[in-house]
Amino acid sequence: MTTPNAPHIPWWKDAIVYQIYPRSFQDSNGDGIGDLRGIIRRLDYLKRLGVDVLWLSPIFASPNDDNGYDISDYRAIMSEFGTMADFDELLREVHSRGLKLMLDLVVNHTSDEHPWFVESRADPRSDKRDYYIWRKGRDGQPPTRWQSYFSGSVWEKDERSGEYYLHLFSRKQPDLNWENPRVRREVHDMMRFWLDKGVDGWRMDTINMLSKHPDFPEGRPLPGTNLTDGQPHFLNGPRIHEFLQEMHREVLSHYDVMTVGETPGVSPAESALYCGFERGELNMVFHFEHVFLGDDAAERGKWSNPPLTLPAIKRVLASWQTGLHGRGWNSLYWDNHDQPRAVSRFGHDREYRVESAKLLCTVLLFMQGTPYIYQGQELGMTNVSFESINHYKDIETLNAYKMLRDEHGWDDARILASVHARGRDNARTPMHWSGGANAGFTEGTPWIALNPNYPDINAEAAEADPNSVWHHYRDTIALRKSLPVVRDGTFTLLDAEHPTVFSYIRQDAHTRLLVVGHFCDRPGVYRIPGEFVDGEVLSNNYPTQELAQELQLRPYQALVIRARRKP
Ligand code: NOJ
């Protein structure tokens, strides 16, 4: 029975998203590279975990300079991943289990091997020239000194025409010219192609970079280099909201789909322009404020890996919880394919690996928003420390290695320590399915080495152990779904400056929940609000808990307590 006039709740507000990095998920044909048929094989596992939506990192034809984030044909499947028939079957199998499938929309740039760019470069008079951003140099130098995200300049000179093209990422990822209405129409058509197949949404890669300042002003100097920071001139640029509203009007509004934009450098207030309920743009965005905390461009950005403090993390996450409440919708994540493993970055990946991975699950999943679980997070997979740079595959890491060595004089040990802490390959080693050969990922030679700890940390063992991280994720997902307050309630941070406890209250008209996470490898005592002392413990990552106003907490303990009295 439906309640008359019940407010319409979009499905994505109740969804839990699971991110698959297809290259590293499951190989089915022994070539050492994960593929679509491998994903089909693991759908029942995902269903058992309780997630609702699968987001696949790019699966389109690509020369793989940046593992598929450099697309050469938006309407073809990457040959290593399978065929369009495999994709159609995957989509059917996903839907037949009541799951949904979200794809990755990478339209800030294409591959330089995309036919549009091939033509654009070959012939300055072709109608594809203006699909990309070409500029003349200034006094024999590139148009600006902006630094690319993958080191070096954002401009590449084409010897044939003598002009430069813009690439915010690698030189094999030329930026599309969104000022050109034909480019926008091409993208809209391509989106419809996939949506008409029944795809349920898009994660939108670096979507707040589409609109560049038309004059390409010089950026702020970056100390220690002759390059500059151009971000103020292309992040959240002058026409970005016009472009996204047009995309919504032309495409998205005609389908019941979910969208999440990747938006580095947005604050909660700016994000409301992207995901505000009335804006007609996106459903939610990924902000970077907690994962980039303290990273300072002047100090070589993330490679300087400054220490994190819990009050800083709490401040950021609470500002997003309260900043968007009632206005827009949050996405919740600790890690993804670009970040180190959550338990290694925010938890304790040695003796308290299991406890701290569970704590991160609880603290994240009880906030308001749509949670994103990255493959292997549900097992508490950890960072990897390859002993030599030769084992690494990621273009960002390899380019940074050269830059830090050649331009900044860092020695091998110092660079490797940074890579071990922050490199993207931490998240890209193959998924651990079992303790058998190659962790059950492939019968061939894996494209990147495995994390050697797979005999201890793997899905088969985790499913068989009721105390595993995996079971905690499954139980927490189910619990979250049974409590509408988690979707709808307000969020109040307690004790913002407490150095080791992250605690907050979620409340609606019926329910008041206290969430307590103890980010510390020693026992502690934490004073809780009186109304929870006779409360009900709904979730605990240790077997028992005595409630008292002075709560005794064990290392990395996480609790959810429901007050008995109605608010
Ligand atoms: C963000 C993606 O998540 C990352 O993996 C990629 O390298 C860049 N965008 C460029 O597409």
Side-chain angles (χ1 to χ4, degrees), residues 17 19-25 34 55-72 74 78 102-114 117 132-133 146-152 154 156 165-176 178 187 202-210 212 230-231 234-236 240 259-266 274 282 284-288 291-292 295 301-303 331 333-342 372 374-375 377 392-400 419 422-429 447-448:
V17 181
Q19 183 191 352
I20 293 178
Y21 196 67
R23 202 174 185 78
S24 300
F25 192 62
W55 149 31
L56 307 186
S57 278
I59 55 166
F60 315 102
S62 165
N64 282 308
D65 188 53
D66 185 18
N67 287 357
Y69 283 91
D70 47 320
I71 296 171
S72 53
Y74 287 105
M78 189 190 298
M102 184 158 86
L103 296 182
D104 214 315
L105 185 78
V106 187
V107 292
N108 175 67
H109 42 266
T110 68
S111 163
D112 66 340
E113 297 181 33
H114 193 292
F117 189 76
Y132 295 86
I133 300 173
W146 297 358
Q147 182 177 41
S148 130
Y149 286 111
F150 291 164
S151 309
V154 298
E156 181 75 5
Y165 66 86
L166 181 82
H167 59 89
L168 297 182
F169 294 89
S170 99
R171 61 168 66 92
K172 285 184 67 62
Q173 292 167 299
D175 280 49
L176 283 165
W178 274 72
V187 170
W202 296 103
R203 175 267 189 186
M204 301 189 180
D205 191 65
T206 58
I207 203 69
N208 63 332
M209 301 187 190
L210 302 184
K212 280 80 177 172
Q231 292 182 107
F234 61 77
L235 290 184
N236 314 315
I240 184 63
T259 53
V260 52
E262 189 201 26
T263 56
V266 294
Y274 289 94
L282 306 175
M284 61 195 105
V285 300
F286 290 128
H287 72 82
F288 282 65
V291 295
F292 282 169
D295 294 353
K302 72 176 186 180
W303 305 112
S331 59
Y333 75 99
W334 289 121
D335 63 3
N336 57 42
H337 65 293
D338 293 331
Q339 299 296 328
R341 288 285 179 178
Y372 290 74
Y374 179 66
Q375 66 183 46
Q377 184 181 336
Y392 287 89
K393 307 285 182 194
D394 167 33
I395 180 170
E396 181 197 42
T397 303
L398 297 175
N399 288 358
V419 169
R422 300 293 296 274
R424 304 198 299 181
D425 280 341
N426 282 308
R428 299 177 179 187
T429 61
W447 70 276
I448 185 171

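As the structure lists them, so they are numbered: ligands from 1, and atoms in each ligand from 1.
Side-chain N/O atoms of Ser170 and Asp65 include a donor and acceptor closer than 3.5 Å.
Tyr333 and Trp55 have their aromatic ring centers separated by at least 6.0 angstrom. The aromatic ring centroids of Tyr69 and His337 lie less than 6.0 Å from each other. For an aromatic pair to be called close, the ring centres must be under 6.0 Å apart, and Tyr74 with His114 satisfies this.
Contacts between Arg203 and ligand 1, counted as non-hydrogen atom pairs separated by less than 4.0 Å, involve the side chain only. When heavy-atom distances to ligand 1 are checked against a 4.0 Å cut-off, Met209 has no atom that comes that close, whether in backbone or side chain. Of all the heavy atoms of Phe150, the ones lying under 4.0 Å from any atom of ligand 1 belong exclusively to the side chain. When heavy-atom distances to ligand 1 are checked against a 4.0 Å cut-off, Glu262 comes that close only through its side chain, counted from C-beta outward.
The shortest separation from a heavy atom of His109 to ligand 1 is under 4.0 Å, placing the residue in contact.
Taking a cutoff of 4.0 Å between a charged side-chain nitrogen and a carboxylate oxygen, Arg422 and Asp338 do not qualify as a salt bridge. Under 4.0 Å is where a charged nitrogen must lie from a carboxylate oxygen, and between Arg424 and Asp394 at least one such pair does.
Which parts of ligand 1 touch Arg424 is read off a 4.0 Å heavy-atom cut-off, strictly below it: atoms 4 (C), 5 (O), 6 (C), 7 (O). Heavy-atom contacts of Arg428 reach the following atoms of ligand 1: 5 (O) (cutoff under 4.0 Å).
Classification of the Trp146-Phe234 ring pair by plane angle, with boundaries at 30° and 60°, yields tilted.
Of the candidates Asn108, Asp66, Ile207, it is Asp66 that places a heavy atom closest to atom 10 (C) of ligand 1.
Protein heavy atom in closest approach to atom 5 (O) of ligand 1: Asp338 OD1, 2.7 Å. Atom 9 (N) of ligand 1 has its closest protein heavy atom at Asp205 OD1, 2.9 Å. Closest to atom 8 (C) of ligand 1, if we only count protein heavy atoms, is Phe169 CE2, 3.7 Å.
Residue Tyr274 comes nearest to Val285 through the heavy atom pair CB-CG1, 3.7 Å, listed as atom of the first residue, atom of the second, then distance.
Between Thr206 and ligand 1, a contact under 3.5 Å exists for no N or O pair.
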